[in-house]
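Only this structure's heavy atoms are used, side chains among them; waters, hydrogens and symmetry mates stay out. Just so you know, residue 1 is the first one in the sequence shown, and it goes up from there.
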Amino acid sequence: MKPGLAKGTRDFTALEVSRRRYIINTLQKNFELFGFQPLETPSFENLSTLTGKYGEEGDRLIFKILNSSINEAKEDKKLIMLSDFQKALDKPFNSENLTDRALRYDLTVPFARFVAMNHNQLTFPFKRYQIQPVWRADRPQKGRFREFYQCDADVVGSESLLQEVDLVQLYLKSFAELGVSVTIHINNRKILSGLAEYAGITDKLIDFTVALDKLDKIGKEGVVKELLERGIAQESIDKLDFLFTQSDDALENLLQLKEKFTGNETGLKGVEELETVITQSLSLGVDIQNLRFDITLARGLDYYTGAIFEVKADEVQMGSIGGGGRYDNLTEVFGVKNIPGIGISFGLDRIYLVMEELGLFPDEATSKVEFLFANFGGDEILEALKLIRQLREQGISAEIYPEAAKIGKQFTYAEKKGIKNLVFLGEEEIKNVTVTYKNLEAGEQKTVSLEEFLSK
């Protein structure tokens with residue numbers, strides 16, 4: 001059988017792993033600077049934990065786990081191969097071909113489940129960060145995979161808008177350190193509920209937000225068409241036409257909404273909350289160019305109740321590279337009330353693609369061997385191994401070429417692996433207690449005392 005990868009998955013080379021680790025380390029450092037502590041949850045959850053939390057479109061993308069056979073009781077089990085996954089999806093989900101488990105779709109719902117299970121032992125506000133893979137049965141394309149990593153930071157147990165302001169700071173500090181220029185798009189689900197009330201389509205709120213969330217993909221005409229298909233009257237759509245002609249001034253747009261939301265308690269509450277977050281962020285030095293009130297931002301997840309965020313790179317067409325929001329009722333579905341929460345996510349894979357396209361990875365983001373010791377055979381090998389051990393004890397990466405091959409072959413190996421220095425420890429060097437090494441990047445060769453070599 002010819003080897004191949006499952007659709008929407010990838011292998012990562014040493015270079016890619018090193019660069020991904022650079023991003024993760026930067027995010028992890030900032031998470032902890034902002035007071036978040038690490039948490040990990042299982043790769044799969046009970047199906048009931050996940051379903052009904054992501055909206056109709058999200059639920060369709062949950063990777064359900066198939067039984068290893070159509071009928072476990074049969075002796076001649078017919079295994080369902082990965083290549084038959086789509087075929088299995090076309091069958092009705094029932095106990096014969098499906099387990100009651102699924103791969104996690106995101107990190108937020110498993111986190112809410114964890115909080116619900118452990119709320120009596122937690123100190124609130126409880127702040128956690130989580131860096132783990134998630135899975136979605138999505139159509140693979142550039143920047144979109146079926147297996148990918150999320151890097152989340154969440155706070156539960158606080159309704160304070162200071163959390164929203166702090167998360168804006170966390171986003172901007174992290175992306176600034178990675179060298180990625182971004183714009184944070186921000187909205188509030190209460191504003192969207194207020195818009196539905198204003199247009200007389202309160203009973204169609206989910207249909208309205210699902211269609212609106214596709215604006216950047218299908219444009220105004222596509223959104224209007226989908227709204228009509230979802231049973232929203234043209235009269236209501238006409239009342240919402242101002243959504244597609246917003247100015248660049250966030251506070252001006254909020255003022256316009258205040259006028260339209262007269263007597264609309266939910267909508268006005270959303271405007272008030274968003275105004276507080278934006279004005280406080282600006283007071284802390286956030287550039288208005290980096291924080292944009294996007295009234296059409298909906299984020300199609302049903303569990304958001306307040307602020308919602310989406311982060312986009314300014315210099316690359318990539319879709320969102322981060323997102324999140326407030327979800328004050330999420331633990332209620334697990335039987336635990338009155339634990340408000342808010343969280344944001346960094347899309348590791350898309351951030352990687354943005355940084356790669358812009359050439360933003362520094363040299364230190366690449367893991368390379370510092371010294372390769374040439375292998376001359378004989379007694380020199382033992383002396384080389386002793387010196388390699390000393391280097392490693394100092395935290396310096398070093399290795400010896402495994403065979404006493406021609407020196408040209410050893411040079412080629414070092415160059416292909418991107419090793420910086422080739423070390424020669426032959427009879428002459430051992431006799432004189434010296435080390436000869438060649439910097440392969442600069443092309444310079446030096447002979448120094450062993451003491452000087454180790455001190456450098």
Could you list the donor-acceptor pairs under 3.5 angstrom formed between side-chain atoms of residues 32-42 and any protein atom two or more places apart in sequence or on another chain?
unit_1: Glu32; atom_1: OE2; unit_2: Tyr129; atom_2: OH; d: 2.6
unit_1: Thr41; atom_1: OG1; unit_2: Gln130; atom_2: NE2; d: 2.8

Do any side-chain atoms of residues 255-263 form donor-acceptor pairs under 3.5 angstrom with protein atoms, and if so which ones, sequence neighbours left out?
unit_1: Lys258; atom_1: NZ; unit_2: Glu275; atom_2: OE1; d: 3.2
unit_1: Thr262; atom_1: OG1; unit_2: Glu259; atom_2: O; d: 3.0

Pairs of donor and acceptor atoms involving the side chains of residues 227-240, under 3.5 Å and at least two apart or interchain, shall be tabulated with distances.
unit_1: Arg230; atom_1: NE; unit_2: Glu226; atom_2: OE2; d: 3.0
unit_1: Arg230; atom_1: NH1; unit_2: Asp207; atom_2: OD1; d: 2.7
unit_1: Arg230; atom_1: NH2; unit_2: Glu226; atom_2: OE2; d: 3.3
unit_1: Gln234; atom_1: NE2; unit_2: Asp238; atom_2: OD1; d: 2.9
unit_1: Ser236; atom_1: OG; unit_2: Ala199; atom_2: O; d: 2.8
unit_1: Lys239; atom_1: NZ; unit_2: Tyr198; atom_2: O; d: 2.9

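Residues Ser18 and Phe361 are not in side-chain contact: their nearest non-hydrogen atoms beyond the backbone lie 4.5 Å or more apart. Two residues are said to be in side-chain contact when any heavy atoms from C-beta on lie closer than 4.5 Å; Ile388 and Glu399 fail this criterion. Counting heavy atoms from C-beta outward, Leu103 and Glu147 have side chains that stay 4.5 Å or more apart. Two residues are said to be in side-chain contact when any heavy atoms from C-beta on lie closer than 4.5 Å; Leu372 and Leu440 fail this criterion. Leu254 has its side chain within reach of Ile278: a pair of non-hydrogen atoms, C-beta onward, lies under 4.5 Å apart. Looking only at side-chain heavy atoms (C-beta outward), Thr305 and Arg189 stay at 4.5 Å or farther from each other. A 4.5 Å side-chain heavy-atom check between Arg136 and Tyr105 finds at least one atom pair inside the cut-off. In this structure, the side chains of Leu274 and Glu164 stay at 4.5 Å or more apart for every pair of heavy atoms.
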Report the C-alpha distance between Phe148 and Arg350 in whole Å, list the side-chain angles of each, state the deciding distance to 0.1 Å, and finish with yes or no for side chain to side chain contact (heavy atoms under 4.5 Å, CB included). CA-CA 9 Å; Phe148 58 97; Arg350 288 189 176 184; over 6 Å; no
Test side chain to side chain contact (heavy atoms under 4.5 Å, CB included) on Val168 and Asn290 and set out the steps. CA-CA 10 Å; Val168 168; Asn290 298 124; over 6 Å; no
Decide yes or no on side chain to side chain contact (heavy atoms under 4.5 Å, CB included) for Thr331 and His119, but give the supporting numbers first. CA-CA 10 Å; Thr331 56; His119 65 281; over 6 Å; no
Please test Val115 against Val336 for side chain to side chain contact (heavy atoms under 4.5 Å, CB included), starting from the C-alpha separation and ending with a verdict. CA-CA 9 Å; Val115 172; Val336 180; over 6 Å; no
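In plain terms, the two heavy atoms of Asp11 and Glu16 that are nearest each other are O-OE1, 3.6 Å. Nearest heavy atom pair, residue Val223 against residue Ala211, reads CG2-O, 3.5 Å. Of all heavy-atom pairs between Asp59 and Gly52, the closest is OD2-N, 3.0 Å. Contact record, Ile191 with Gly267: CG1-O, 4.2 Å, taken as the closest heavy-atom pair. Summarising the geometry of Gly179 relative to Leu360, their closest heavy-atom pair is O-CD1, 3.4 Å, with the distance given to 0.1 Å. The nearest pair of heavy atoms linking Val369 to Ala398 is CG1-CA, 4.1 Å.
The number of heavy-atom neighbours closer than 6.0 Å to CG of Asp363, taken from other residues, nucleotides and ligands shown, is 12 or below. Summarising the local packing, CZ of Phe334 is surrounded by more than 12 heavy atoms from other residues, nucleotides or ligands at distances under 6.0 Å. For Lys269, the NZ atom is loosely surrounded, since the number of other residues' heavy atoms within 6.0 Å does not exceed 12. Dense packing is recorded around CG of Asp203, with more than 12 heavy atoms of other residues, nucleotides or ligands lying under 6.0 Å away. Within 6.0 Å of the CZ atom in Arg392, the count of heavy atoms belonging to other residues, nucleotides or ligands exceeds 12. Heavy-atom neighbours of Glu265 CD from other residues, nucleotides or ligands within 6.0 Å: at or below the threshold of 12.
Of the possible donor and acceptor atoms, none in the side chain of Arg21 sits under 3.5 Å from a partner among the backbone N and O of Ala365. With hydrogens and angles ignored, the 3.5 Å screen pairs no side-chain donor or acceptor of Asp166 with any backbone N or O of Leu162. In this structure, Asn439 contributes its side chain and Ala442 its backbone to a donor-acceptor pair below 3.5 Å.
The CD atom of Gln169 lies 5.0 Å from the CG atom of Leu284; values are rounded to the nearest 0.5 Å. Atom OG1 of residue Thr266 and atom CG of residue Leu195 lie 11.5 Å apart, to the nearest 0.5 angstrom. Distance check, rounded to the nearest 0.5 Å: CG of Asp100 to OG of Ser48 gives 7.5 Å. To the nearest 0.5 angstrom, Arg101 atom CZ is 8.0 Å from Asn46 atom CG. A distance of 10.5 Å separates CZ in Phe309 from CG in Asn187, rounded to the nearest 0.5 Å. Separating the CD atom in Glu177 from the OH atom in Tyr22 is a distance of 8.0 Å, to the nearest 0.5 Å.
The salt bridge (charged side-chain N to carboxylate O under 4.0 Å, His left out) test applied to Lys220 returns Asp241, not counting sequence neighbours. Annotation: ring pair (Phe, Tyr, Trp, His ring centres under 6.0 Å) contacts of Tyr413 (sequence neighbours excluded): Tyr401. For Thr296, the side chain to side chain donor-acceptor pair (under 3.5 Å) partners at least two apart in sequence or on another chain are Asp294. Every salt bridge (charged side-chain N to carboxylate O under 4.0 Å, His left out) that Lys420 has, sequence neighbours left out, goes to Glu370. Every residue two or more places apart in sequence or in another chain that forms a salt bridge (charged side-chain N to carboxylate O under 4.0 Å, His left out) with Asp328 is listed here: Arg326. In this view, Phe371 and Phe453 satisfy the ring pair (Phe, Tyr, Trp, His ring centres under 6.0 Å) rule, not counting sequence neighbours. Under the side chain to side chain donor-acceptor pair (under 3.5 Å) criterion, Asn188 pairs with Glu273, sequence neighbours left out.
For residues 169-196, the pairs satisfying ring pair (Phe, Tyr, Trp, His ring centres under 6.0 Å) are Tyr171-Phe346, Phe175-Phe346, with sequence neighbours left out. Here salt bridge (charged side-chain N to carboxylate O under 4.0 Å, His left out) pairs that include residues 108-130, with residues two or more places apart or in two chains, are Glu45-Arg113, Arg128-Asp154.
Note: Phe111 and Phe126 have parallel aromatic rings, judged against thresholds of 30 and 60 degrees for the angle between ring planes.
For the 3.5 Å distance criterion, the side chains of Thr183 and Asp314 qualify, holding a donor opposite an acceptor. The closest side-chain donor-acceptor pair between Gln163 and Ser158 falls under 3.5 angstrom.
Salt bridge status for Asp349 with Arg10: present, with a side-chain N to carboxylate O gap under 4.0 Å. The pair Glu221-Lys225 fails the salt-bridge criterion, with no side-chain N (NZ, NE, NH1 or NH2) lying under 4.0 Å from an Asp/Glu carboxylate O.
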